Asker: 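Before we start, here is the structure in question, set down as structure tokens.
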Amino acid sequence: MKQIREAWKTAVAAGIADILREKGLDAGMATSSAIVSETPPKPDMGDIGFPMFAWSKPLRMGPPQIALLLADKLAAADTPAGTPKAIGPYLNVFLDRVSTSAEVMASVAGEGYGKSSSLAGTRIMIEFSSPNTNKPLHLGHLRNDVLGESTSRILKENGAEVLKINLVNDRGVHICKSMLSYMAYGGGRTPEDEGKKPDHFVGDYYVKFNDLKKADPQAEEKAQEMLVKWEASDPEVMDLWKRMNEWAVGGIRKTYERTGISFDKYYFESQIYLTGKEEVLKGLENGAFFKAEDGSVRIDLSPLGLEEKVLLRKDGTSIYMTQDIGLAIHRHHDWPFDRLVYVVANEQQYHFKVLFHILERLGYEWARNLFHLSYGMVNLPEGRMKTREGTVVDADALLESLKEIALEEIQAKGREEAMGDAAEIAEKIALGAVHYYLAQATPSKDMVFNPKDSLSFNGDTGPYIQYMGARISSLLRKRDKGEGKAPGGTVRPELLAGDAEWELVRRVAQYPEVVEQAGSEYNPALVAAHMYDLASAFSRYYHDNPILNCEDADTAASRLALVAAVRTVLVNGLGLLCIPFLEAM
RNA sequence: GCGUUCGUAGCUCAGCUGGAUAGAGCGACGGACUUCGAAUCCGUAGGUCGGGGGUUCGACUCCCUCCGGACGCACCA
């Protein structure tokens with residue numbers, strides 16, 4: 001589809017250049033990159049649209065006249081297969097359906113439909129999730145995770161070499177709080193003793209710190225003192241810290257396994273929180289930074305229209321920013337990347353703006369290719385999630401409850417026997433529900449997560465798309481068993497040129513362009529939207545047209561091939577979105 | 001107060017980078033199972049795109065301003 005589009009752009013450019021020359025004007029401006037193409041709003045208006053407005057001024061003609069003239073020119077010229085037609089101020093192309101269908105079907109049948117080489121040779125590091133080791137993952141992390149994982153997969157699909165990394169926040173005063181609390185109330189018990197998932201076990205003590213504060217007014221200070229001991233590698237503190245961290249990280253990894261999230265490399269703040277100091281001092285030497293009167297090292301951010309920012313305290317200790325400077329440089333040393341993507345909530349926009357500026361100021365070439373994939377908050381229908389009010393949605397509990405509801409639904413429909421392991425399917429439906437819901441929203445915007453809506457099997461949801469995939473799979477299973485009219489039939493592209501079939505062919509054909517755009521914009525929501533469009537187009541087609549049982553063998557074989565192509569796109573696209581594809585549900 | 005950002009149908013979201021009558025889903029109302037699984041499909045109602053200016057042949061999209069929400073504005077991470 002992209003090649004076809006590009007070919008037509010070139011043809012249109014040549015046509016415009018012709019007209020320019022005839023008018024004695026400079027034809028140089030009519031390059032194919034100057035030609036805007038779009039998709040007409042309705043299929044009966046054609047397959048590719050070229051608006052003529054922009055040429056109105058140089059040609060001193062009305063757009064409709066240009067379109068007419070151009071249509072004539074192209075009709076006489078050597079163009080790709082298809083028919084150009086002037087429709088108002090647009091020159092629309094009606095593709096040759098038979099040859100296009102044949103081409104599309106052939107390319108879907110090949111390996112890895114949707115892969116492109118648009119990012120070939122690019123090394124991209126992407127950081128996401130970044131959990132704290134004092135509590136389990138919550139709904140906000142799930143959005144982060146699905147964005148990070150999907151974006152990684154989409155970048156890879158476009159040919160990039162991707163390294164997924166997780167920066168675990170395993171140090172700091174908040175970690176000490178759960179440790180203190182455990183010392184007070186834990187009694188040496190382990191997660192196994194209580195039969196709890198270990199990250200929840202740790203998280204519960206973090207919450208209990210509130211009780212401790214009431215019981216011991218010195219609790220906050222004690223946490224600070226413990227942090228000092230930790231930094232001094234006090235053996236007792238380190239011992240407990242290691243034990244609790246293992247619990248927390250172990251539990252969090254279980255959740256990643258469950259949701260299909262993975263990392264190529266883990267970084268732990270405890271190991272790198274001191275880095276960055278040298279780089280800041282280097283920057284001080286070469287004049288990027290300056291020493292303030294109080295002895296702290298700072299940067300002047302007036303080029304950004306901001307105030308100054310401290311990078312090293314007057315006592316020489318480092319801060320969050322220092323650490324991130326060091327870490328970025330360190331990472332580039334570990335794995336020289338062309339781009340680095342940080343999937344971090346939008347509350348840290350200022351931080352990254354400054355960080356990127358600092359790294360550029362330090363003269364790193366790659367600093368211009370750092371990207372903050374900033375995403376909005378996940379709110380609930382009742383409002384914002386608040387830690388203090390206990391309204392934070394726990395990731396594990398959410399998945400569990402969605403799974404249960406899905407299972408009940410399966411039982412209510414009496415589908416258990418038809419699908420083998422009902423619990424496993426229910427789990428995959430729950431995952432599909434959450435991941436689709438989170439991936440479908442534009443990343444940068446805040447969103448409302450409604451658990452009930454996400455699981456609704458009607459409408460724009462993950463389970464709906466999974467269902468359509470299952471229905472196609474069911475048809476194909478039947479074909480393979482020799483049911484229906486297809487046996488002995490031949491796939492013939494001319495049987496895929498009707499309006500109904502063409503609707504599906506077009507959407508299948510558009511998929512690779514969608515993946516490419518999603519990659520260049522770091523936006524999985526584009527893929528999600530296309531999955532829904534395709535699934536619902538299939539559903540309509542399926543409702544209106546017999547597939548397995550249609551009149552003759554050739555038609556049945558052709559339609560089954562078309563529907564199989566739809567299935568391939570669903571399999572590939574859902575894969576990019578971390579949504580399990582289901583053969584039956 | 002300053003900065004960033006968002007405001008599209010009752011609700012949740014799209015809107016192809018400035019173009020063809022602003023689109024979906026949910027909810028509401030009304031329809032469709034003797035035929036490939038109805039977890040489905042079809043139809044109806046519902047919008048002065050937060051308000052007001054401006055740029056443009058053309059603005060939901062760009063600029064200004066006001067209103068409203070979110071998030072930032074640490075020598076915390």
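Atom set for the values below is all heavy atoms of this structure, side chains included, hydrogens, waters and symmetry mates excluded. Naming: A, B, ... by sequence-line order, numbering from 1 per chain. The structure presented is a predicted model; accordingly, all values stated were derived computationally and were not measured.
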Asker: All N/O contacts under 3.5 Å from nucleotides 32-39 of chain B to the protein, with atom names and distances to one decimal?
Answerer:
unit_1	atom_1	unit_2	atom_2	d
B:rC36	O4'	A:N549	ND2	3.1
B:rC36	O3'	A:K478	NZ	3.0
B:rC36	O2	A:L548	N	2.8
B:rC36	O2	A:N549	N	3.3
B:rC36	N3	A:I547	N	2.9
B:rC36	N4	A:Y542	O	2.7
B:rC36	N4	A:N545	O	2.3
B:rG37	OP1	A:K478	NZ	3.4
B:rG37	OP2	A:K478	NZ	2.4
B:rG37	N7	A:S474	OG	3.4
B:rG37	N1	A:R415	NE	3.4
B:rG37	N1	A:R415	NH2	2.7
B:rG37	N1	A:M585	O	2.6
B:rG37	N2	A:R415	NE	2.5
B:rG37	N2	A:R415	NH2	3.4
B:rG37	N2	A:M585	O	2.7
B:rA38	OP2	A:R471	NH1	3.0
B:rA38	OP2	A:R471	NH2	2.6
B:rA39	O3'	A:F457	O	3.3
B:rA39	O3'	A:N458	OD1	2.9

Asker: Expressed as a whole number of Å, how far does the C1' atom of B:rU44 sit from that of B:rU56?
Answerer: 38 Å
Asker: Is B:rC41 paired to anything, Watson-Crick or G-U wobble with both distances less than 3.5 Å, and if yes, which nucleotide?
Answerer: B:rG31
Asker: Which of these passes ring pair (Phe, Tyr, Trp, His ring centres under 6.0 Å) with A:Y273: A:Y320, A:W230, A:Y267?
Answerer: A:W230
Asker: N/O contacts under 3.5 Å, protein versus nucleotides 73-75 of chain B?
Answerer:
unit_1	atom_1	unit_2	atom_2	d
B:rC75	N4	A:D294	OD2	2.2
B:rC75	N4	A:R298	NH2	2.9

Asker: Could you check whether A:N245 and A:T133, counting side-chain N and O atoms only, form a donor-acceptor pair closer than 3.5 Å?
Answerer: yes
Asker: With P as the reference atom in both, quote the distance from B:rC42 to B:rG27 in angstrom, rounded to an integer.
Answerer: 15 Å
Asker: Quick one: list whatever passes salt bridge (charged side-chain N to carboxylate O under 4.0 Å, His left out) with A:E269, sequence neighbours left out.
Answerer: none
Asker: Do A:W241 and A:F268 have ring centroids that are under 6.0 Å from one another?
Answerer: no
Asker: If you look at every strand shown and take non-hydrogen atoms under 4.0 Å, does A:P63 touch a base, only sugar-phosphate, or nothing?
Answerer: nothing
Asker: Would you indicate what A:K42 reaches in the nucleic acid, counting non-hydrogen atoms under 4.0 angstrom: base, sugar-phosphate, or nothing?
Answerer: base
Asker: Could you check whether the rings of A:F538 and A:Y542 sit parallel, tilted or perpendicular, using 30° and 60° as the cut-offs?
Answerer: parallel
Asker: Hey, can you pull the donor-acceptor pairs under 3.5 Å for the side chains in residues 371-381 of chain A, sequence neighbours left out?
Answerer:
unit_1	atom_1	unit_2	atom_2	d
A:H372	NE2	A:V344	O	2.9
A:Y375	OH	A:N144	ND2	3.1

Asker: For the OG atom of A:S539 and the CD1 atom of A:I472, what is their distance to the nearest 0.5 Å?
Answerer: 9.5 Å
Asker: Could you check how far CZ of A:R384 sits from C1' of B:rC71, rounded to whole Å?
Answerer: 8 Å
Asker: A:S539 has a side chain; which of B:rC41, B:rA20, B:rG72 sits nearest to it?
Answerer: B:rC41
Asker: Between the protein and nucleotides 10-13 of chain B, which nitrogen or oxygen pairs come in under 3.5 angstrom?
Answerer:
unit_1	atom_1	unit_2	atom_2	d
B:rC13	OP1	A:V448	N	2.6
B:rC13	O2'	A:Q440	NE2	3.3

Asker: Let me know, please, whether A:E521 or A:F50 comes out on the 5' side of the other along RNA chain B by nearest nucleotide.
Answerer: A:E521
Asker: Expressed as a whole number of angstroms, how long is the span from A:Q349:CD to B:rA70:P?
Answerer: 16 Å
Asker: Tell me whether B:rU17 sits syn or anti, counting syn as a glycosidic angle within 90° of 0.
Answerer: syn
Asker: Among all residues two or more places apart in sequence or in another chain, which pass the side chain to side chain donor-acceptor pair (under 3.5 Å) test with A:Y206?
Answerer: none
Asker: Rounded to whole angstrom, note down the P distance from B:rU61 over to B:rA20.
Answerer: 13 Å
Asker: Name the pairing partner of B:rC26, where a pair is Watson-Crick or G-U wobble with both distances under 3.5 Å, or state none.
Answerer: B:rG10
Asker: What is the distance from NE2 of A:H357 to P of B:rU4, rounded to the nearest Å?
Answerer: 16 Å
Asker: Taking CG from A:N379 and P from B:rC6, how many angstroms apart are they, rounded to a whole number?
Answerer: 16 Å
Asker: Test of understanding: with salt bridge (charged side-chain N to carboxylate O under 4.0 Å, His left out), list the residues that count as partners of A:E279, not counting sequence neighbours.
Answerer: none
Asker: Going by distance alone, is a donor N or O of one side chain under 3.5 Å from an acceptor N or O of the other, for A:Y511 and A:R507?
Answerer: no
Asker: Can you list everything that forms a salt bridge (charged side-chain N to carboxylate O under 4.0 Å, His left out) with A:R331? Sequence neighbours excluded, please.
Answerer: A:E127
Asker: Work out how far the P atom of B:rG15 is from that of B:rA74, and round it to whole angstrom.
Answerer: 34 Å
Asker: For the side chain of A:D533 and the base of B:rA14, is some donor closer than 3.5 Å to an acceptor across the two?
Answerer: no
Asker: Polar pairs (N or O, both sides) under 3.5 Å between protein and nucleotides 56-64 of chain B?
Answerer:
none

Asker: Using salt bridge (charged side-chain N to carboxylate O under 4.0 Å, His left out) as the criterion, list what pairs up with A:E225, not counting sequence neighbours.
Answerer: none
Asker: C1' atom, B:rA70 versus B:rG31: distance in rounded Å?
Answerer: 43 Å
Asker: What's the closest nucleotide to the A:M377 side chain, out of B:rU21, B:rA70, B:rA20?
Answerer: B:rA70
Asker: Can you tell me how far C1' of B:rA77 sits from CD of A:E347, to the nearest Å?
Answerer: 11 Å
Asker: For B:rG1, give the paired nucleotide (Watson-Crick: N1-N3 plus N6-O4 or O6-N4; G-U: N1-O2 and O6-N3; both under 3.5 Å), or none.
Answerer: B:rC73
Asker: Under a 3.5 Å threshold, yes or no: a donor from one side chain and an acceptor from the other, between A:D460 and A:Y436?
Answerer: yes
Asker: How far does the C1' atom of B:rG72 sit from the matching atom of B:rG54, given to the nearest Å?
Answerer: 30 Å
Asker: For a quick test of your reading: what N or O donor-acceptor pairs under 3.5 Å do the side chains of residues 553-562 of chain A make, sequence neighbours left out?
Answerer:
unit_1	atom_1	unit_2	atom_2	d
A:D554	OD1	A:T490	N	2.8
A:D554	OD2	A:R492	NH1	2.8
A:T555	OG1	A:D552	OD1	2.5
A:T555	OG1	A:D552	OD2	3.3
A:S558	OG	A:R492	N	3.0
A:S558	OG	A:D554	O	2.7
A:R559	NE	A:Y541	OH	3.2
A:R559	NH1	A:P546	O	2.7

Asker: Is it true that A:Y467 and A:F457 have ring centroids separated by less than 6.0 Å?
Answerer: no
Asker: Once you round it to whole Å, what is the distance between P of B:rG27 and NZ of A:K452?
Answerer: 11 Å
Asker: Under 4.0 Å, heavy atoms only, any strand: does A:E38 hit a base, just the sugar-phosphate, or nothing?
Answerer: base
Asker: Hey, is B:rC33 sitting syn or anti, using the within-90° cutoff around 0?
Answerer: syn
Asker: List for me each residue that meets side chain to side chain donor-acceptor pair (under 3.5 Å) alongside A:R384, sequence neighbours excluded, and say none if there are none.
Answerer: none
